[in-house]
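Please read the structure below before turning to the comments.
Any value given below was found using the heavy atoms of this structure, including those in side chains, with hydrogens, waters and symmetry copies removed.
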Amino acid sequence: MPVTLASIKARLDQRIGENLLVIAQAGRKKITKRHGILSETYPAVFVVELNQDENSFERVSYSYTDVLTKNIEIDFEDEQAVE
């Protein structure tokens, strides 16, 4: 089944307010892991409120294209990765 930007957004719309882990590609052989809460979804991006104990900034946004192209991976606490 093909994955589309609309289907990724629809899945994330259902998970607003839930804890997640975002694993992002940060360059050559480097990844960053950030814990937070999915706070908002917009037509082109979604916003994650970050855990302040681990990060120096409050929020970060990613595009649905990042998920589609697998530049980031999203793991909710109660399920496998969203791809």
Side-chain angles (χ1 to χ4, degrees):
M1 178 177 140
V3 176
T4 64
L5 296 177
S7 67
I8 294 168
K9 181 182 184 318
R11 281 195 245 166
L12 291 176
D13 284 341
Q14 298 171 358
R15 307 302 295 261
I16 290 176
E18 295 187 22
N19 290 323
L20 55 80
L21 169 67
V22 177
I23 303 168
Q25 300 295 324
R28 285 179 65 127
K29 299 182 183 180
K30 185 176 177 186
I31 60 170
T32 59
K33 295 183 180 182
R34 295 186 174 133
H35 291 89
I37 298 172
L38 179 61
S39 65
E40 299 174 86
T41 59
Y42 294 100
V45 297
F46 60 96
V47 178
V48 177
E49 297 283 338
L50 296 175
N51 183 341
Q52 290 301 298
D53 297 335
E54 300 174 1
N55 300 287
S56 60
F57 41 94
E58 295 179 18
R59 303 166 59 142
V60 66
S61 64
Y62 297 101
S63 72
Y64 304 115
T65 306
D66 292 331
V67 177
L68 183 66
T69 60
K70 300 185 180 180
N71 286 332
I72 67 167
E73 182 179 318
I74 302 169
D75 291 323
F76 287 96
E77 289 183 350
D78 62 343
E79 79 169 28
Q80 298 297 323
V82 173
E83 293 182 10

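The hydrophobic cluster containing Y64 does not contain V45, counting ILVMFWY residues as joined when their side-chain heavy atoms lie under 4.5 angstrom apart, directly or transitively. If you chain together hydrophobic residues whose side chains sit under 4.5 Å apart, L68 and I72 fall into the same group. With hydrophobic clusters built from ILVMFWY side chains whose heavy atoms lie under 4.5 angstrom apart, V67 shares a cluster with L50. Follow the hydrophobic side-chain contacts under 4.5 Å out from V60 and you reach I16 in the same cluster.
The line from CG of L12 to CZ of F76 is 5.5 Å long, rounded to the nearest 0.5 Å. Rounding to the nearest 0.5 angstrom, the gap separating the CG atom in L20 from the CZ atom in R34 is 12.0 Å. T41 contributes atom OG1, which lies 10.5 Å from atom CD of Q14 (distance to the nearest 0.5 angstrom). Between atom CD of residue E73 and atom CG of residue N71 there is a gap of 12.0 Å, rounded to the nearest 0.5 Å. A distance of 9.0 Å separates NE2 in H35 from CG in D75, rounded to the nearest 0.5 Å.
A side-chain donor-acceptor contact under 3.5 Å links T69 to the backbone of T65. Proximity of a side-chain donor or acceptor of S63 to a complementary backbone N or O of A44 within less than 3.5 Å is not detected. Judged by distance alone, with hydrogens and angles left aside, the side-chain atoms of Y62 form no donor-acceptor pair with the main-chain N or O of V47 at under 3.5 Å.
You'll find the side chain of I31 reaches within 4.5 Å of the side chain of Q25, heavy atoms only.
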Run the side-chain contact (heavy atoms from CB on, under 4.5 Å) test on K33 and V22 for me, step by step, so that the C-alpha distance in whole Å, both residues' side-chain angles and the decisive distance to 0.1 Å come before the verdict.
CA-CA 6 Å; K33 295 183 180 182; V22 177; over 6 Å; no
Going through the distances and angles, do V48 and I74 end up as a side-chain contact (heavy atoms from CB on, under 4.5 Å)?
CA-CA 11 Å; V48 177; I74 302 169; over 6 Å; no
So F46 and I8, side-chain contact (heavy atoms from CB on, under 4.5 Å) or not? Walk me through it.
CA-CA 11 Å; F46 60 96; I8 294 168; 5.8 Å; no
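Across all their heavy atoms, Y42 and K9 have their closest contact at O-CE, 3.3 Å.
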